[in-house]
Protein chains: 2
Amino acid sequence: MKQFFDPQWVVLIGVSRQSGPGAYNNLEVMQRYGYRGRIDVVHPKVSEILGKKTVPHVDALDGIPDLAIISVGRDRVLPAFLQCAQKGIRHVVVISQGFADADDRGKELQGELQEVARQYGVRVLGPNTMGTINAFSSFSTAFVDIEKEDAPPPISVGAQTGVLQVGFESFTGRLGKAIDIGNAGGVDFIDVLEYFETDPQTQVIALHMEGMLRGREFLKVARRVAAKKPIVILKTGRSAAGAQAALSHTGSLVGEDAVIDTAFKKAGLIRVRNMVELRAACQALLHFRSMAGPRIGVVTATGACGIMTADACEDYGLELAPFPEEIRSELENTRIAWHRLRNPVDIWPLGMVTGSFVEVFKRAVGGLLRSSEVDAVFAIAAAMSSPLHKDLNLADAVLELNRGNTEQKPIALWLYGGDQVAQGEVLRNEPHVAAFDSIDEAVAGLAAVWRYSKLQKELQEEGADSGPVLPVSTGRPVAVPSRGLLVGEEAFSLLREYQIPLAVGELTKDVEAAVALAGKQGYPMVLKIVSPQWLHKSDWGGVRLGLENECELRKAYGELEELFRTRTPLGSLEGILAQKQIQGMELLMGIKRDPQVGHVLVVGMGGIYTEVFKDVARGLVPVGRPEAEEMVESLRIYPILKGIRGQAGVDISALVDVMVNLSRLAVDYPEISELDLNPVFADSHGCRCVDARIVLE
Amino acid sequence: MKQFFDPQWVVLIGVSRQSGPGAYNNLEVMQRYGYRGRIDVVHPKVSEILGKKTVPHVDALDGIPDLAIISVGRDRVLPAFLQCAQKGIRHVVVISQGFADADDRGKELQGELQEVARQYGVRVLGPNTMGTINAFSSFSTAFVDIEKEDAPPPISVGAQTGVLQVGFESFTGRLGKAIDIGNAGGVDFIDVLEYFETDPQTQVIALHMEGMLRGREFLKVARRVAAKKPIVILKTGRSAAGAQAALSHTGSLVGEDAVIDTAFKKAGLIRVRNMVELRAACQALLHFRSMAGPRIGVVTATGACGIMTADACEDYGLELAPFPEEIRSELENTRIAWHRLRNPVDIWPLGMVTGSFVEVFKRAVGGLLRSSEVDAVFAIAAAMSSPLHKDLNLADAVLELNRGNTEQKPIALWLYGGDQVAQGEVLRNEPHVAAFDSIDEAVAGLAAVWRYSKLQKELQEEGADSGPVLPVSTGRPVAVPSRGLLVGEEAFSLLREYQIPLAVGELTKDVEAAVALAGKQGYPMVLKIVSPQWLHKSDWGGVRLGLENECELRKAYGELEELFRTRTPLGSLEGILAQKQIQGMELLMGIKRDPQVGHVLVVGMGGIYTEVFKDVARGLVPVGRPEAEEMVESLRIYPILKGIRGQAGVDISALVDVMVNLSRLAVDYPEISELDLNPVFADSHGCRCVDARIVLE
């Protein structure tokens, strides 16, 4: 990977004869960016470009460059790539578009490219990429002329687009290194993370992802890296329309967004929703080391902004610290005895009375920084450009305060007014200090730091490799078909092998069998049509509940048989399931195979409210007991499961058993694409699955 | 109100002798801001300030100024104010802090001030205010030196703080006029809205509110104004901590935030959550006239940003328009036949192949603007500062496109890169065009315009005054005590007068009465302790359900009597309510009196899930049938109320009857502070209230 970021010798294939405005000449851009290594240009027709002599063919080079960069029309990529491979070049960037991002022919071409790469042991970056940028070594493969930071920050970007490189001020605020994996025909996010993991110039990692490839491996590597360096991720295509657009952009497979959330949480990634949150999180993580807790001390030049900060804290999961009583005497002033000290600390009246706003600011911020009840300080103040308000200039005061900030607590700032940028510039490289563009961005930034502090502690305690990320099968007690649908007894027999408690019932062929069963188990009874054609049996009226006596049972049985024949005359009726009606809370449990991360275990509220409230928890298979317990506890109905208002709860331990066993089942049968237990009735004595449906694929 | 914004003659009381940096001399600030009217300064000791001769006392003035501005310590405010009033000055700004914003003494002082104002017919702005700013007439009462726009925009701010004036670039982006009502000791938001309503220099209104005074009147006026001009409102104190901070800031009463949402919706206000959304909405409403629908056409220089836009559209309730097929042929290019055209339109490959990005941009944006399926266009493009990318400069192309924008559709832009500000400046005053700082802000801004377009249409159709905002009582059929608690039969007798259907039950004094009732109505029965000390009877075990026969009934009755005596030996047992147990969906209904907006009607899911899912709809009393129907339809459980999966729904018309009747009851009994019907059992035959509790205050 190092050769993509820091090559000593590169060869360019597909450089424009034109240069200057509108030419997108990547030789010109590379030189302007300040690359000091050797560059060769291959051009079959022109002998000189921008004063540099070209070679007609890669073969003509007097050695093997570290890196080739190809940007020709898609039909000419493969021959050029093959020449590089045959020459012995081991790293190639394919800038060109029109591959898996485009049509079927493009997909074929990309497949051929990947095959050649495999044969010759060449690492490919792209196709459809802007390549890499490395501000530390002044290297850029981009065809867009980007400003370079003189003192590059240790923030590195991995993206499925070049726009985070081109518009980095908007996305991450600052930039040290960036790589655009494009269609991920070779280098993917796993490679990127593994490079950043050990790269000394990377301290904060920002990812932009449209689709996850090699999902499980990615999560495993991410978890390991996240224990060392924060990874902020903007996963786009959250919405249905966004997912649709993502499919067209880089041809990524897109899964359910809620599953992505579960997976990222497991891997210790800090997910942001949009570019505003991305920039805030990057700015905070670049400057702030960590937070011991979520308690914020706020100093503000105006009470209104204190209230806005309190609202933002709730939005982002932070808290206002209690006012530290030990600093009360430092701030109190007899001339405004009516001024109420609390957190947020409104310092304007104090500044006016004492005649030095800066002095009061220093006392307030300094006191909060020293308080053991405050984990970070957020200060809001005016930065006016008027010469009349030079007395409000706080940048120097912040630098002084930070010299006494021995615990290295975050000092977040929002400065408003015309001098905002200038004062921010003074503080730009100060550690533990960061200025933000709004209250909400400052609070979002601090929240990202707090999330990372918690995550890092968890990951380090659990051991980064401890996550049960890769499932291991223990055997297959029952044979199942490689594809198709299991319902009724076929499904039950598999579930029994995994100790899933099933409602006692019988698949009956005639009404006498049902009556006999009722005689043994008692009323009320339930009857259900079992047939591969009747997957939506409830909606079709194929379920009859609350049959109180033999008369009702016989009548309902006959009606169901009639209904089946009428509705699906050619259908295959496996039988009618007869069960004693069970009481309890209706839950659902199941397994889904997600295209990006594989098997996901689901548990939640069942019955008629399922779709209304969507109260569901998800976990990546394999799921162990502690994780299953966490899943149950995360449900909104958890208080009811525990038992409220004098009502008995359900046997949560029994639920957890079923979840863990379902997870084992999924591990052993990777061909399961869907498994639904719905409903599962739970009460204080345990739980029972009443119906099941398994799809194999 | 005009005298607060546009006085010809002002007198300043409490000007500092100092001037220059750190002095906060409001004479100096007023002069720097460019005020050209007459200024007098009252100072008892100094004869000249900043070269201007002072007068020792207001009495010494040779006439009556339009406006006095007082900024002395709080204890000296009242004498100065009285002098102004006696002189005949009719408008006074009290800048000073330490009134209702502070302690009890401050509240007293503010009360006295308001009383003097009332006696003398003086309008007060403040106390605790920055006063007003009017960039059109170069007038400012502020003690902070703010930059003035040369061509002020028609955007006016009403706030409970001065920070929106001082930091307007951050909050509203631009500023024409602003007023800080401070503690609202005189001028409040109603006055502000009525002034802006007819002010020709106001086209967009932005409000910052901490607490609502004269809630119903405010909503009525807001609704009338909103039919003419958009009102964006940032109501802070959304969170518990924020509300707490608001209480300390301006002494505002704070109600439940969900009620505020309901009230604002009713009044046609566009609520934003934070300052980022406020700025986006103001920028959009300042430039964009209206939107005929929510369908956005997106043109982007990079596919990744198209996906981000799709996500943002879902977050803010907009849609991606279908790709207009009529522009396909204009954009298709045989040299990249693989390029897929859709919305978002990714124009980078087309720009590269045709050699003119700007040309392709014009064709794509122009085509979308002309399409009848597109209501607004959002364009994303690079604005690079490098001389190599002058060809990407789109500002001129946008101006040209806008000349052909005959339908005046919004053209929103996000330009990224170092030339962003410069290109934005070119477009700054162009109507129907606005540049934003991020994708999310652009989409949030367009969403605000779409919301306003819908609102305005609704308000104009319904008639701005048609809202049933002020309740009118029709009588009081039953006398109730002025305060206290009504439970059991006392509550039921009031409810019966309003045709609220009640479960047939009987408040029994002994078990024989309960047995006799069961004999008439049948089992299963329910028993409940009725006592003013047993408001939480369920939690205390005072409710017994599902009593199947006489034996169980007798046993439970005795146990309840025993439980009552044990738990509350000195309590007063009104009796034990005996009812036949009712089936059906458990709902709750009720009335709450909100401190800011008065009576609110509530309907929602009852039973054990009430607190878990908080599925509740609210409406301002009086509630008519159409509004009650809308409330029921807005519930998440509405599909279940209608009936799903073959199950019968409930009689919604009966529910609506109860709601409307409850609303009438609340109008007739303003002393009701809380009324709970919980549970109300509903089924396909109607609904019945099983228990009620009314708090009077």
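Numbers restart at 1 for each chain; the letters A, B, ... are given by sequence-line order, proteins then strands.
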When the 4.5 angstrom heavy-atom criterion is applied to Phe143(A) and chain B, the contacting part is both

Of the backbone (N, CA, C, O) and the side chain (C-beta and beyond), which part of Leu320(B) lies under 4.5 Å from a heavy atom of chain A, both, or neither?
side chain

Honestly, the part of Tyr609(B) sitting under 4.5 Å from a heavy atom of chain A is both

What part of Met585(A) gets within 4.5 angstrom of chain B, counting heavy atoms only: side chain, backbone, both, or neither?
side chain

Can you classify the ring geometry of Phe171(A) versus Trp414(B) as parallel (below 30°), tilted (30 to 60°) or perpendicular (above 60°)?
perpendicular

What part of Asp615(A) is in contact with chain B, defined as an atom under 4.5 angstrom from a non-hydrogen atom: side chain, backbone, both or neither?
side chain

Asp391(A) versus Pro21(B), closest heavy-atom pair with distance
OD1-C, 4.4 Å

Test log, rule side-chain hydrogen bond (donor to acceptor under 3.5 Å, both in side chains), inputs Ser239(A) and Asp311(B):
CA-CA 5 Å; Ser239(A) 62; Asp311(B) 287 349; 2.9 Å; yes

Is the closest side-chain heavy-atom distance between Asn274(B) and Met308(A) below 4.5 Å?
no

Measure Trp540(A) against the heavy atoms of chain B and call it side chain, backbone, both or neither at under 4.5 Å.
neither

With a 4.5 angstrom heavy-atom cut-off, is it the side chain or the backbone of Asp104(A) that approaches chain B, or both, or neither?
neither

Between the CD atom in Gln97(B) and the CH2 atom in Trp348(A), the distance rounded to the nearest 0.5 Å is 9.5 Å

Please evaluate residues Met275(A) and Tyr416(B) with respect to the criterion side-chain contact (heavy atoms from CB on, under 4.5 Å), reporting the C-alpha separation (whole Å), side-chain torsions for both, the decisive distance (0.1 Å), and the verdict.
CA-CA 12 Å; Met275(A) 55 182 279; Tyr416(B) 53 89; over 6 Å; no

Side chain, backbone, both or neither: which part of Glu441(B) has an atom under 4.5 Å from a heavy atom of chain A?
side chain

With a 4.5 angstrom heavy-atom cut-off, could you sort out which part of Phe613(B) is near chain A: side chain, backbone, both or neither?
both

Side chain from CB out, backbone as N, CA, C, O: work out which of these in Asp315(B) comes under 4.5 Å of a heavy atom of chain A, or both, or neither.
side chain

Is chain A contacted by the side chain of Ser356(B), its backbone, both, or neither, given a heavy-atom distance below 4.5 Å?
neither

Can you give me the closest heavy-atom contact between Asp145(B) and Met384(A), atom names plus distance?
O-CE, 3.8 Å

Where does Met605(B) contact chain A at under 4.5 Å (heavy atoms): side chain, backbone, both or neither?
side chain

Contact class of Leu392(A) relative to chain B, heavy atoms under 4.5 angstrom:
side chain

Heavy-atom contact with chain A under 4.5 Å, split by part of Arg105(B)
neither

Among the listed options Gly418(A), Gly541(A), Pro349(A), the residue most often paired with chain B at heavy-atom distances under 4.5 Å
Pro349(A)

Any idea which heavy atoms bring Ile307(B) and Gly237(A) closest together, and the distance?
CG2-N, 3.3 Å

Examine whether an atom of Val353(A) lies under 4.5 Å from a heavy atom of chain B, and if so say whether it belongs to the side chain, the backbone or both; otherwise answer neither.
neither

